[in-house]
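Lettering of chains follows the sequences in order, A, B, ..., and the numbering in each one begins at 1.
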Number of protein chains: 2
Amino acid sequence: MANLDRIFHALSDPTRRAVIERLRDGGASVSELAQPFDMALPSFLKHLGVLERAGLIESDKQGRTRHCHLADGALVPVSAWMADQRALWEGRTDRLAAFVEQKDANP
Amino acid sequence: MANLDRIFHALSDPTRRAVIERLRDGGASVSELAQPFDMALPSFLKHLGVLERAGLIESDKQGRTRHCHLADGALVPVSAWMADQRALWEGRTDRLAAFVEQKDANP
DNA sequence: GTCAAGATTAGCCATGTGGCTAAGTAATCG
DNA sequence: CGATTACTTAGCCACATGGCTAATCTTGAC
């Protein structure tokens, strides 16, 4: 499975999108992340696995707790694909290309 | 399944993304779209079904052929979510908000 | 050293996905 | 009318996904 496949797949689930939205406010442990969801921990861990395999989040274990945070620039492949589509789709290549360039130069 | 779920799911498959990329160049019939893929037609039709249920493409039957085209503004929910994420994530609300505004004002 | 907490693994289950073939329907062509 | 074309439907299959419980491992707190 290509990377873009994994990323889009990871984003296709509301639980996983919620985790990403939650992580915007800063990193958190697995159980902190799991707390809002009415789901057993192993089930939730699978979602984290999907997000991590897609490169959207990263984590490292500190003692017995695992800390998760957003991966830097994780959504760049998506926004690049999106920009590509929108640009050619809507015939506004110039402005979107500029946007992407700016984004890459200034991440 | 929410709409964003369906859209992201639809985009998570390379065949379906290729169809979208192909449709940027203009509408096409089912068999024209299917031609590049080494896949039986019923299998391919399922992909078209996923794209259509996600609201990414539309189609109408003319005689015995079905013509498909991109749905207008289909990717807006995605780019809105993306912009939302990137803005808060990267703390560059201003420029991204401007970008989205510009896009909405000038579609 | 014992025990609780946090995470993980193993394994089960129902359902969904993505592929196929075969057979059916509807419209055009000769 | 009959044949061909262009989809469509039905139904099968293997495998992935998303949920669970139960058991395990590791670390931190007494």
| said: Does anything in residues 31-49 of chain A come within less than 4.0 Å of DNA chain D? Heavy atoms only, and list the residues if so. | reply: Met39(A), Ala40(A), Pro42(A), Ser43(A), Lys46(A), His47(A)
| task | Tell me whether Leu4(B) is reachable from Val50(A) by hopping between hydrophobic residues (I, L, V, M, F, W, Y) whose side-chain heavy atoms are closer than 4.5 Å. | result | no
Whole-Å distance separating the [atom1] atom of [X] from the [atom2] atom of [N]:
X: Gln62(B); N: dA27(C); atom1: CD; atom2: P; result: 13 Å
X: Asp13(A); N: dT17(C); atom1: CG; atom2: C1'; result: 15 Å
X: Asp5(A); N: dT17(D); atom1: CG; atom2: P; result: 11 Å
X: Asp60(A); N: dT27(D); atom1: CG; atom2: P; result: 14 Å
X: Phe8(B); N: dT17(C); atom1: CZ; atom2: P; result: 17 Å

| field | salt bridge (Lys or Arg N to Asp or Glu O under 4.0 Å) involving Arg16(B) - partner list, sequence neighbours excluded | value | none
Ignoring hydrogens and angles, write down the donor-acceptor pairs under 3.5 Å from the side chains of residues 26-46 of chain B, residues two or more places apart or on other chains.
from	atom 1	to	atom 2	distance (Å)
Ser29(B)	OG	Glu32(B)	N	3.2
Glu32(B)	OE1	Ser29(B)	N	2.9

Do the side chains of [Y] and [X] get nearer than 4.5 Å, heavy atoms only?
X: Leu11(B); Y: Asp5(A); value: no
X: Val76(B); Y: Trp81(B); value: no
X: Asp13(A); Y: His47(A); value: yes
X: Met82(A); Y: Val78(B); value: yes

Can you name the atoms? Protein N/O to nucleotides 1-5 of chain D N/O, anything below 3.5 Å, with the distance.
from	atom 1	to	atom 2	distance (Å)
dT5(D)	O4'	Arg64(B)	NH1	3.4
dT5(D)	O2	Arg64(B)	NH1	2.7

Could you pull out all donor-acceptor pairs under 3.5 Å where a side-chain atom in residues 52-61 of chain A meets a protein atom, sequence neighbours excluded?
from	atom 1	to	atom 2	distance (Å)
Glu52(A)	OE1	Ser59(A)	OG	3.2
Glu52(A)	OE2	Ser59(A)	N	3.3
Glu52(A)	OE2	Ser59(A)	OG	3.0
Ser59(A)	OG	Arg66(A)	NH1	3.0

| request: Output yes when at least one side-chain N/O atom of Arg66(B) is less than 4.0 Å from OP1 or OP2 of dA6(D), else no. | output: no
| task | Determine the contact category for Ser29(A): base if any of its heavy atoms lies under 4.0 Å from a base atom, sugar-phosphate if only primed atoms, P, OP1 or OP2 are that close, otherwise nothing. | result | sugar-phosphate
| Of Val30(A) and Val50(B), whose closest DNA chain C nucleotide lies nearer the 5' terminus? | Val30(A)
| message | For Phe8(B) and Phe8(A), take the angle between the two ring planes, folded into 0 to 90°, and tell me which bin it lands in: parallel under 30, tilted 30 to 60, perpendicular over 60. | response | tilted
